[in-house]
Q: 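I have a structure I would like to understand better, so I am pasting it below and will then ask my questions one at a time.
Computed from a prediction, not measured in an experiment: that's the story for all the values here. Below, read A as the first sequence line, B as the second, and so on, with proteins coming before strands; counting in each chain starts at 1.
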Amino acid sequence: MTHRLDGAEAAVGALLGAGVTRGTPVAVAAGGAGSGIAAGGRCWAVTAPPAEVVRRVGSALSPRWVWWSARRTARPLVAAGVTVPACWDVAAVHRLLHGGSSDAPAQVWAVARGLDPQRVPRSGQLDLLRDTDAEEGDAGDPVRPDGYLRPDWADEPLRTPEQAAAWAALALELQGEQAEALASATDPRRPPAQPPLAVLTAWSESAAELLALELAATGLPVDVAAAAALIAGHAGPRPVDEAAALASRQARDAVVRDLLPDGEQVDLRNPAQVRAMLARLGFDVPDTRSWRLEPFRGAHPALDALLTWRRSERIATTYGYGWLDRHVGPDGRLRGEWRGCDGAAGRMTASAGLHNLPADLRSAVVAEPGHVFVRADLGQVEPRVLAAVSGDEGLARATAGADLYSPVAEQLRCDRPSAKVAVLAAMYGQTSGTAGEALRGLDRAYPSAMAYLRSAEERGRAGKDVRTYGGRRVPMWGVGAAVEPAVAAARGRFARNAVVQGAAAELFKMWAATVRAGLTGLTGARGAGGAGQRAIVLCLHDELLLHVPEVSAEDTATLLHDALDRTAARWAAGSGVRFVADVSVLPRWSDAK
DNA sequence: GATTTCACGTA
DNA sequence: CGTACGTGAAATCC
C-alpha cells in the first residue's frame, strides 16, 4: 500500500528518511490535485501538487528530478517559475538510446521491456479478438499481465496521488536501467575520472527538454510596430477586410504580371503555370526554384520581378500579419513550441518560424527597455566536432587557433576557400563539384577523421544504424542493404552528416544546459523570463541568444565563454580540440555581424 | 478532409 | 543528387 503524505513538507521528511541527498534521483508525477514521488525503491502519494513538492524538496535536498517527460510533468513547474537545476527525462534518454522522436510512455516502456512497440495497446481500443487474459488483473497496477502499460494510465491524466506514486515508481525504475545502460557504454579514450560521456549527454538532453519548455514560456522579445512596418514594406498595409486583402494581393501580383505576355493567365502561386510561362519566354527549367532562376535574373525583367515577388510573398504569407497575430503575445513576446531533439540527429526544433526567421525580420527582434541581447555562436563547430569525435590528432592541432581552415589549407597546400569547401564536402557527403583533389589531400592529412566519416557512410549505405559520439542512436530507413542505389547513397550522405551534426547538437545542448545552470546560480526563482531576469530566449543550432538586464551584459558574456570552456573540457576531454565562441552584446538581433 | 508536392526560410 | 527542420499554398488523393 502506498504511503500518503500530507503536504510538501512531509515529502521532504520522507525523502530525508529514505536517504535522499544532493543529486539522488527522485521521480515525480502529477495525479489529481496532488502528486506522486519515488526514491530508493519506495514511493509516496503527496497531497500537494508537483510545483509545490518540487519547490520545497528541491530547496531542501537538491535531488535530480526524474520524470517520464518534461513535456508532461514539468509544464506547471515552468509556469509557476520553479527552478529545476538537474533532471532526468526518461523519454529524452529513451530517444538517445533507441532513436526516434516518440515521448509516449507506452512506447518508451514497451521498448525498455523488449516488447513490440507496434503492438502497444491504445485507449478505447475495441478489439473483439483481444486477449482478455492479458488485460485482467489489478486495475490499480499500471502494468498489464502481458507487460504493456495500461492505456488509460499511459494516455490520460492520472486521477489520484496514489496513481501518480505508482507512475513515478515506474519512471524511477526506468531511470535506473537507463543510467546503467549508459554507464556501461564507456569510451576508453576518455579520462576515467569523469562520468561517461553518455551519462553526461543524458543529463544535458534532459536539461534541453526542460529548456524547451522554458523557451516556449519565455518567448523572444519583438518590437511589434517594427515588425509590422517591415511586413508592410512587402505585403502592404494591414488589410481591414477580405476584399482589401484580395486587392493588396492582386496589386502585388500585377507588378510581375504586367511584365508578362498574357500575364492575366498566369497564377504566380502555381509552379506548373509559372514553369510553362517561363518556357514561353524561352527559359526551359526543370523546376522554378529561385536558385535555378537566379542566373537568369538579368535576362528578362519579369524574372527579376518574379524573384522579388517571391520574397515578398514569403513575408506576406508565412511571416505576415497573421503570423504576428498568432504567435506574438500582448507582451510583445514571440512564442512557439520547442523540442529538445528532432527525430534524426538530435538538433533542437522550434515552431512559429523561430528557426527560420528571414534575415530582414531580425531587426524587429529588439531587447526590452533596460535590457540587451547577449548573443554567442560557436565558431566552425562542425569541423572541430569532427576532430574531437574521430580522435584525429592532426585535425585537433588545426583547432588551436580562431580559424581552422587556414592551418588545413597550409597542410593541403591549397588556398583557404578550397580547404573549407573540401572539409565541408567531406562532412556533408557532397559528390558534385570540384573538391576532388583537395579531398584526396584530406585523406592523407587527416586519415582518422576521414575514416570516421567513411565508416559512418558505409554503415548508412548498408542500412545499419549509426551512433553519435554522445551515444544517440540514429536509425536508418529502408530494409537492409538491398535497396536501390539512390537510396543507399542517400543513407550514406545522411549517416555521414548525422554523426557530425548530431554530435555538434549534443555539444551545443551541453553548453546551453551549462549556461542555463549558470544563469540561475542553481537557486532562486526563474520567474518565467520576466523583467529583470536573465533568460535564454533562442537556441539556433550553434547560436544562443540571451535577454538580460543591461547591467549584467558583461557578466553574461563571461558566463557564456566560461560555460563553453567547462563544457568542452568534459565533452572533448583528452582530444586536445579547442572550441571557440563569438560573443557580442546587442540591442537588436540584426546588429550581429 | 487528409496527404503530398513545391517552394523557401534558417543552421 | 550536402543534411536537417517548419511553414504555407496548391495539387492530389481518398
Q: To the nearest angstrom, how far is A/His234 atom NE2 from B/dG9 atom C1'?
A: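 Atom NE2 in A/His234 sits about 13 Å away from atom C1' in B/dG9.
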
Q: Tell me which residues in residues 266-282 of chain A lie within less than 4.0 Å of DNA chain B, going by non-hydrogen atoms.
A: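 Of all residues in residues 266-282 of chain A, the ones placing a heavy atom under 4.0 Å from DNA chain B are A/Pro271.
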
Q: Excluding sequence neighbours, so at least two apart, what forms side-chain hydrogen bond (donor to acceptor under 3.5 Å, both in side chains) with A/Arg292?
A: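 Listed in chain order: A/Asp287.
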
Q: Please collect all salt bridge (charged side-chain N to carboxylate O under 4.0 Å, His left out) contacts where either partner lies in residues 235-245 of chain A, sequence neighbours excluded, each pair once.
A: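 Listed once each, the pairs are A/Arg238-A/Asp325.
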
Q: In whole angstrom, give the distance that lies between atom CG of A/Leu378 and atom C1' of B/dA11.
A: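 It works out to 12 Å between those atoms.
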
Q: Excluding sequence neighbours, so at least two apart, what forms ring-ring contact (aromatic ring centres under 6.0 Å, His included) with A/Phe494?
A: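 Residues passing ring-ring contact (aromatic ring centres under 6.0 Å, His included) with A/Phe494: A/Trp477.
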
Q: Could you give the CZ-to-C1' distance, from A/Arg289 to C/dC1, as a whole number of Å?
A: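 Whole-Å distance recorded here is 12 Å.
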
Q: Just how far, in rounded Å, is C1' of C/dC1 from CZ of A/Arg496?
A: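 Answer to the nearest Å: 15 Å.
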
Q: Does a salt bridge link A/Glu205 with A/Arg95, judged by any charged N lying under 4.0 Å from a carboxylate O?
A: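 No.
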
Q: side-chain hydrogen bond (donor to acceptor under 3.5 Å, both in side chains) with A/Thr556: which residues, sequence neighbours excluded?
A: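 If we apply the side-chain hydrogen bond (donor to acceptor under 3.5 Å, both in side chains) test to A/Thr556, skipping adjacent residues, the hits are A/Arg534.
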
Q: Mind jotting down which residue pairs meet the salt bridge (charged side-chain N to carboxylate O under 4.0 Å, His left out) criterion with at least one end in residues 343-364 of chain A? Sequence neighbours excluded, please.
A: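 Listed once each, the pairs are A/Arg311-A/Asp360.
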
Q: What residues form a ring-ring contact (aromatic ring centres under 6.0 Å, His included) with A/Phe283, not counting sequence neighbours?
A: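 Scan of A/Phe283 (ring-ring contact (aromatic ring centres under 6.0 Å, His included), adjacent residues dropped) gives A/Phe296.
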
Q: Can you list everything that forms a side-chain hydrogen bond (donor to acceptor under 3.5 Å, both in side chains) with A/Ser102? Sequence neighbours excluded, please.
A: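 Expected list: none.
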
Q: Let me know the distance between CD1 of A/Ile315 and P of C/dT7, rounded to the nearest Å.
A: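 The answer, rounded to whole Å, is 16 Å.
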
Q: Do we see a donor-acceptor contact under 3.5 Å between the side chains of A/Arg570 and A/Ser204?
A: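 No.
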
Q: Does A/Arg310 make a side-chain N or O approach to OP1 or OP2 of B/dC8 shorter than 4.0 Å?
A: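 Looking at the OP1 and OP2 atoms of B/dC8, one of them is under 4.0 Å from a side-chain N or O of A/Arg310.
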
Q: Could you list by number each residue of residues 291-308 of chain A showing a heavy-atom separation from DNA chain B of less than 4.0 Å, or answer none if no residue does?
A: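 Contacting residues: none.
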
Q: Tell me whether A/Lys420 is salt-bridged to A/Asp403, with the criterion being a basic N under 4.0 Å from an acidic carboxylate O.
A: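 No.
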
Q: Taking only side-chain N and O atoms of A/Thr288, does any of them lie within less than 4.0 angstrom of OP1 or OP2 on B/dA7?
A: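 It does, given that an N or O in the side chain of A/Thr288 lies less than 4.0 Å from OP1 or OP2 of B/dA7.
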
Q: Side chain of A/Arg314 only, please: which of C/dT3, B/dA11, B/dC8 is the nearest?
A: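 Between C/dT3, B/dA11, B/dC8, the one nearest the side chain of A/Arg314 would be B/dC8.
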
Q: Rounded to whole angstrom units, what separation is found between the CG atom of A/Leu220 and the P atom of C/dG6?
A: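 In whole Å, C/dG6 P lies 18 Å from A/Leu220 CG.
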
Q: Excluding sequence neighbours, so at least two apart, what forms ring-ring contact (aromatic ring centres under 6.0 Å, His included) with A/Trp338?
A: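 So A/Trp338 forms a ring-ring contact (aromatic ring centres under 6.0 Å, His included) with A/His355.
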
Q: Select one nucleotide: of B/dA7, C/dA4, C/dG8, the one nearest the side-chain heavy atoms of A/Gln501.
A: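 The answer is C/dA4.
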
Q: Please list residues of residues 339-363 of chain A whose heavy atoms come under 4.0 Å from any atom in DNA chain C, ordered by number; otherwise none.
A: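 The stretch gives A/Asp342, A/Ala344, A/Arg347, A/Thr349, A/Ala350, A/Ser351, A/Ala352, A/Asn356 as the residues lying under 4.0 Å from the strand, ordered by number.
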
Q: Measure from CD on A/Gln380 to P on B/dA11 and round the result to the nearest Å.
A: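 Distance check: A/Gln380 CD to B/dA11 P gives 16 Å.
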
Q: Show every salt bridge (charged side-chain N to carboxylate O under 4.0 Å, His left out) that has at least one partner inside residues 536-548 of chain A, sequence neighbours left out.
A: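 The answer is A/Arg375-A/Glu543.
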
Q: Can you measure A/Glu457 atom CD to C/dG2 atom C1' for me and round it to whole angstrom units?
A: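 One finds 11 Å between C1' of C/dG2 and CD of A/Glu457, rounded.
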
